[in-house]
Amino acid sequence: MTKREIADYIYEHLPESETLTKREIYDIVNEVFQLIENALINEEKVQITGFGTFLVKFRKEKVGRNPRTGEVIPVPNRKVIIFKPSRKLLERIEVIQKKS
């Protein structure tokens with residue numbers, strides 16, 4: 001799902017009394033993602049109740065191996081983004097899987 005699809009979905013499901021254009025909704029959606037991105041750049045936790053939490057974690061340097069050649073390759077320190085789904089989201093996914 002893209003940001004454009006999210007904005008289109010919101011536009012289609014707004015009450016008719018709302019006067020926002022598709023472009024304005026897209027700008028709002030874009031701004032929300034920009035806020036999340038900036039928080040993660042600043043290594044802040046982003047928690048969306050009922051959905052999950054995004055965290056920036058630090059991975060230590062380690063030694064890896066090239067699977068083709070077997071050559072030992074150092075993997076440097078790095079930051080990674082971790083997503084932890086909420087219990088509520090996990091339960092909903094589990095219910096959907098059981099129905100299938």
Side-chain angles (χ1 to χ4, degrees):
M1 180 173 257
T2 65
K3 288 190 281 186
R4 173 68 61 198
E5 290 170 334
I6 292 169
D8 288 344
Y9 180 87
I10 292 169
Y11 180 79
E12 291 168 8
H13 290 84
L14 274 179
E16 289 187 29
S17 61
E18 294 294 328
T19 58
L20 294 172
T21 66
K22 277 188 178 184
R23 181 65 202 181
E24 290 169 328
I25 292 170
Y26 179 76
D27 290 343
I28 292 168
V29 169
N30 212 30
E31 190 66 30
V32 168
F33 280 96
Q34 190 65 51
L35 285 168
I36 293 170
E37 180 181 323
N38 290 340
L40 292 171
I41 288 170
N42 293 321
E43 298 181 26
E44 297 173 30
K45 177 171 75 169
V46 178
Q47 185 173 350
I48 303 171
T49 304
F51 183 70
T53 303
F54 294 92
L55 303 161
V56 176
K57 292 264 186 162
F58 184 78
R59 297 278 188 226
K60 295 179 186 176
E61 183 176 328
K62 64 180 181 178
V63 176
R65 231 176 248 289
N66 182 327
R68 286 191 181 156
T69 64
E71 176 187 3
V72 174
I73 302 171
V75 178
N77 296 334
R78 61 195 170 116
K79 294 176 186 175
V80 294
I81 298 172
I82 304 293
F83 175 71
K84 292 184 177 183
S86 71
R87 192 172 301 142
K88 185 176 181 179
L89 178 60
L90 287 173
E91 288 170 357
R92 293 210 53 207
I93 290 171
E94 196 171 293
V95 167
I96 291 169
Q97 287 177 345
K98 287 180 181 179
K99 289 182 180 179
S100 299

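Computed over heavy atoms, backbone and side chain alike; hydrogens, waters and symmetry mates excluded. Numbering of residues begins at 1 and proceeds along the displayed sequence.
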Reported NZ-to-OH distance for the pair K3 and Y26, which is rounded to 0.5 angstrom: 4.5 Å
Point-to-point distance, once rounded to the nearest 0.5 Å, from CZ of R23 to CG of N30: 7.5 Å
Distance (rounded to the nearest 0.5 Å) between K84 NZ and F54 CZ: 13.0 Å
Non-hydrogen atoms of T21 and E24 that approach each other most closely: N-OE1, 2.8 Å
Nearest non-hydrogen partners of G64 and V75, listed with the distance: N-CG2, 4.1 Å
Side-chain H-bond candidate by donor/acceptor type, Q34 with N38, under 3.5 Å: yes
Closest non-hydrogen atom pair, A39 against V46: CB-CG2, 3.6 Å
Cluster link M1 to Y11, ILVMFWY, side chain under 4.5 Å: yes
Atom pair CD1 (I28) and CG (L20), whose distance is rounded to the nearest 0.5 Å: 5.0 Å
Joint hydrophobic cluster, V80 plus L40, side-chain heavy atoms closer than 4.5 Å: no
Least distance between heavy atoms, K45 atom then T53 atom: CG-CG2, 3.3 Å
Closest heavy-atom pair and its distance - K88, G50: CD-CA, 4.1 Å
Reported CD-to-CZ distance for the pair E94 and R87, which is rounded to 0.5 angstrom: 12.0 Å
Separation of I25 CD1 from E12 CD (nearest 0.5 Å): 9.5 Å
By side-chain contact (heavy atoms from CB on, under 4.5 Å) - contacts of L35 (at least two apart): none
side-chain contact (heavy atoms from CB on, under 4.5 Å) against V72, all qualifying residues, sequence neighbours excluded: V63, R65
Single-linkage hydrophobic cluster, 4.5 Å side-chain cutoff, V32 and F51 together: yes
I81 reachable from I48 in the ILVMFWY side-chain graph, under 4.5 Å edges: yes
